[in-house]
Protein chains: 2
Amino acid sequence: MKRFITIKDIAKELNISVSTVSRALRDTYDVNKETRDKVLEIASRLNYKPNFNATGLAKRSSHNIAVILPFITNYYFSTVITGIQEVAYEKGYNIVLYVTNDSPERELNIINNLPITSLDGLLVSIASNSDSYEHFEEIIANETPIVFFDRVTNHLETSRVIQDDYNGAFEAVEHLIENGYTKIAHIAGPASLTFTQNRLKGYLAALEKHHLEVREEWIIHSGFSQKDGVEDASFLFTGENRPDAIFAVNDRKAIGAMTYLKSNGIKIGQEVGIVGFTNDPSSEIISPSLTTIAEPAFEIGRKSCELLLRHIEKKYFQPQEIVFPGKLIVRESSVKV
Amino acid sequence: MKRFITIKDIAKELNISVSTVSRALRDTYDVNKETRDKVLEIASRLNYKPNFNATGLAKRSSHNIAVILPFITNYYFSTVITGIQEVAYEKGYNIVLYVTNDSPERELNIINNLPITSLDGLLVSIASNSDSYEHFEEIIANETPIVFFDRVTNHLETSRVIQDDYNGAFEAVEHLIENGYTKIAHIAGPASLTFTQNRLKGYLAALEKHHLEVREEWIIHSGFSQKDGVEDASFLFTGENRPDAIFAVNDRKAIGAMTYLKSNGIKIGQEVGIVGFTNDPSSEIISPSLTTIAEPAFEIGRKSCELLLRHIEKKYFQPQEIVFPGKLIVRESSVKV
DNA sequence: AGTTTCTTCGAGAACGTTTTCGCTTTTTTT
DNA sequence: AAAAAAAGCGAAAACGTTCTCGAAGAAACT
């Protein structure tokens, strides 16, 4: 059976009480410097490790935060986690990771089975087709703070951090227009997600500003995968009225569309312009290279975590919305020469 | 202050003792079916959530496992985590994530500050230049099981799961030879890592089998990034005695090398053959597409976690080494036509 | 010298469970 | 019908901390 050195062992060793040891290990006041030094010395000699279950019980707070998101196997999310992890590490928090596989059922199941009593807060990016938010409300009611990032919801009064989807999309589409494309399609994400709605709005606004017509059949909602991109492009380029440009909701779909076009002999850039969203490293590797809107994924992770920690540490802290601007990165896929 | 429903609330409600409630919530024996049903009903009505700090304290086991690895922002590691997470989810374990940024100091710091008393086990892939294993030994001495994956060490008597680096490399290089390349360079990873050693051995064995000369200057050890690949290639192709093929320790370096060759007008495949390792999705996106050895990353994650859980649950379980075979995937970068 | 204030510490309860032991009551065996 | 075994439950200790209270002594005032 495992057996670790406890505060009691230290107390016995020095013939003092556990309360004193406890104080010595944390505070500096209310304990004599000498005894404190002795405690610290013994503690490190015996290689004492605090029992987090016990401290968690006694203080009603562990130093754990849950991160719940759809996937981790893509550039965006893995980079966000890296950012989160960076500030968690600095501040001595542990990250408990849950991945929903973008399934609402699994998300629900995870939330319901969360070790909520040993979690100080939650960082979440919701699944595509979540339609109910009760499970989150319940957690909020229990005074466990939540910060949403990227995939947020307006149904809940919490802090959130996102990129500027509307303006990013607007800029992307305007860039296509300025480069002489006029028949611009949008291959979008699942309609339920706030950020696909915002990117769609940005797309529409840019068309409107430049007096270009909006065609229903040029707006396709589907999933986020490369395969979805292939299918959407195949749909767009088999009928009549083919577009001459595509704005994709993310780089993976853009890349899917590119592979479709390439294998059908359509010249990217020259004949059909393409712009993605994210700045996935693949967008630089593919040829022609992909124009895209870069998202500050790492910073979004950092900021989300900082915000959550503020909520955890200060008691009443007004929910905030933080919006990061995107940045247009022009490459080969959106220019005609 | 947060306040959750406890076992005591249920006991009070039903006028029975907490011990009975505790039993009812877990076992089926030693408690009448009727009272058990009543307890379960009240528990779900009050929305009772067990306090994991308390159970952890009382049972000396949380249901947490730590995952410690260098990065998560690449295909291989993020897929491994997804596999780990899959079985952890099935079995009701939580994953506590730590990323070392491939820094030995940070790794050490993380290990030393681990909430070890509330961790049932560890899954780790070590940092590149870790030279000391004492911190791991200490954990093992405390009877907390560790399973290493991918980046393992021979200094410790623990279970480990890896891919067959030797044979994968052998196959990759033999494939190049069979396709008519004779001057094959190897851009390798940091020399300290077991798996780069094994891939190097596989490379050497293939050369030897086919009586090709080994040239020291064609073997370069550096980091794992795309940038390292660029630099290694630039080194290989600026001097005299240029190779006509490259076997890269991973796909990112292979891709780096490809970008260098492409921008220098060297025809990949025709003039210089390239094979990578991993089967990163980028290897299919880049053109020409990259021949590679596919690693079963997801399965490695699953298996590592299963093994760890076995160690946690059975007491004395002989350390095992599990080796997954790789699979050669032939694409355009390694054929001369 | 007497009073007040600080400083340092210990006793013991509390956090929410599990677990051991033993006591009733019921059921089974003879 | 008596004896033995089993079933169901409660009291209380334990897990390793933190925290509140108060006591003892030292230091600082009058």
Side-chain angles (χ1 to χ4, degrees), chain A residues 1-40 42-43 46-64 114-120 142-143, chain B residues 1-40 42-43 46-64 114-120 142-143:
Chain A
M1 178 51 86
K2 290 195 214 178
R3 159 94 175 107
F4 291 92
I5 299 292
T6 75
I7 225 176
K8 286 184 195 171
D9 298 318
I10 301 179
K12 204 176 294 169
E13 186 87 2
L14 286 171
N15 247 315
I16 59 178
S17 76
V18 291
S19 352
T20 305
V21 177
S22 172
R23 273 186 293 250
L25 254 20
R26 290 166 298 125
D27 314 316
T28 136
Y29 69 95
D30 244 34
V31 49
N32 191 308
K33 187 172 179 332
E34 274 180 43
T35 58
R36 183 165 150 263
D37 289 345
K38 268 190 278 184
V39 168
L40 259 31
I42 298 278
L46 298 184
N47 194 21
Y48 164 76
K49 307 273 180 185
N51 184 312
F52 283 69
N53 285 136
T55 57
L57 231 205
K59 297 209 297 187
R60 269 170 236 75
S61 111
S62 56
H63 257 194
N64 298 145
L114 232 39
I116 187 70
T117 50
S118 58
L119 248 24
D120 288 355
N142 272 329
E143 297 184 42
Chain B
M1 178 50 89
K2 289 196 215 180
R3 159 92 177 106
F4 291 92
I5 299 292
T6 75
I7 226 177
K8 286 184 194 170
D9 299 318
I10 300 178
K12 203 175 295 170
E13 187 89 359
L14 286 170
N15 247 314
I16 58 178
S17 77
V18 292
S19 351
T20 305
V21 177
S22 171
R23 274 186 291 250
L25 254 19
R26 289 167 297 126
D27 313 317
T28 137
Y29 69 95
D30 244 32
V31 48
N32 190 310
K33 187 171 180 329
E34 274 179 43
T35 59
R36 183 164 150 265
D37 289 345
K38 268 191 279 185
V39 168
L40 258 33
I42 299 277
L46 297 184
N47 194 22
Y48 165 76
K49 307 273 178 184
N51 184 311
F52 282 70
N53 283 325
T55 56
L57 232 204
K59 297 208 300 190
R60 268 169 237 75
S61 108
S62 57
H63 257 194
N64 298 145
L114 233 38
I116 186 71
T117 49
S118 58
L119 248 24
D120 288 355
N142 271 330
E143 297 184 42

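Because only heavy atoms are used, hydrogens play no part in the values below, and waters and symmetry mates are left out as well, while side chains stay in. From a predicted model like this one, the values you see are computed outputs, not experimental measurements. Numbered from 1 within each chain, the chains take letters A, B, ... in sequence-line order.
- Look at CG on A/Leu25: it is 13 Å from P on D/dC19, rounded to the nearest Å.
- When the side-chain nitrogen and oxygen atoms of B/Thr55 are compared with OP1 and OP2 of C/dG16, none of them lie within a distance under 4.0 Å.
- Using a 4.0 Å heavy-atom distance criterion, B/Asp30 is classed as a base contact.
- Look at CG on B/Leu57: it is 5 Å from C1' on D/dC15, rounded to the nearest Å.
- Minimum atom distance to the side chain of B/Asn32 is reached by D/dC9, of the listed C/dT18, D/dT18, D/dC9.
- Atom CD1 in B/Ile10 sits roughly 12 Å away from atom C1' in C/dT17 (whole-Å rounding).
- Note on the helix from C/dA1-D/dT30 to C/dT30-D/dA1: terminal axis deviation equals 40°, with five pairs used at each end and the result rounded to 10°.
- Closest to the side chain of A/Thr20, out of C/dT18, C/dG10, D/dG10, is C/dG10.
- One interatomic measurement links the two molecules: CZ of A/Phe52 to P of D/dT18, which rounds to 10 Å at whole-angstrom precision.
- Of the side-chain N and O atoms in A/Arg26, one or more sit less than 4.0 angstrom from OP1 or OP2 of D/dC19.
- Judged by distance alone, the side chain of B/Ser62 and the main-chain N or O of B/Gly56 form no donor-acceptor pair under 3.5 Å.
- We find that B/Lys59 and B/Asp120 are not joined by a salt bridge, their nearest charged nitrogen and carboxylate oxygen being 4.0 Å or further apart.
- Considering CD1 of A/Ile16 and OG1 of A/Thr35, their distance stands at 6.0 Å, rounded to 0.5 Å.
- When atom types are taken as modelled, the side chain of B/Asp9 and the backbone of B/Thr6 share a donor-acceptor pair closer than 3.5 angstrom.
- Residue B/Pro50 is the one, among B/Arg23 and B/Pro50, whose nearest nucleotide of DNA chain C lies closer to the 5' end (criterion: closest heavy atom).
- Here D/dT17 presents its C1' atom at 8 Å from CG of A/Asn51, a figure rounded to the nearest Å.
- Out of D/dG16, C/dT17, C/dG10, the shortest distance to the side chain of A/Thr6 is found at D/dG16.
- Here CG of A/Asn32 is found 10.5 Å from OG1 of A/Thr20. Values are rounded to the nearest 0.5 Å.
- Within the 4.0 Å cut-off from OP1 or OP2 of C/dG10, not a single side-chain nitrogen or oxygen of A/Ser19 is found.
- Of all nucleotides listed (D/dG16, C/dT8, C/dG16), D/dG16 comes nearest to the side chain of A/Arg3.
- To the nearest 0.5 Å, atom NZ of residue B/Lys8 and atom NZ of residue B/Lys12 are 8.5 Å apart.
- A donor-acceptor contact closer than 3.5 angstrom is absent between the side chains of B/Ser19 and B/Arg23.
- With B/Ser118 contributing its side chain and A/Asn53 its backbone, the two residues share no donor-acceptor pair below 3.5 Å.
- The interatomic distance linking B/Lys59 (NZ) with C/dG16 (C1') rounds to 13 Å, in whole Å.
- For A/Ser17, the listed nucleotide lying nearest its side chain is C/dG10; candidates were C/dG10, D/dC9, D/dT18.
- Between A/Ile7 atom CD1 and D/dG16 atom P there is a gap of 11 Å when expressed in whole angstrom units.
- Looking at the side chain of B/Lys8, the nearest of the listed nucleotides C/dT8, D/dT17, C/dC15 is C/dC15.
- Residue A/Ser22 places at least one side-chain N or O under 4.0 Å from the OP1 or OP2 atom of D/dT18.
- Comparing A/Val18 and A/Val31 by the nucleotide of DNA chain C whose heavy atom lies nearest to each, the residue mapping closer to the 5' end is A/Val31.
- Considering only side-chain N and O atoms, A/Thr35 lies under 4.0 angstrom from the phosphate OP1 or OP2 of C/dC9.
- In this structure, the CD atom of A/Glu34 is 14 Å from the C1' atom of C/dC9, given to the nearest Å.
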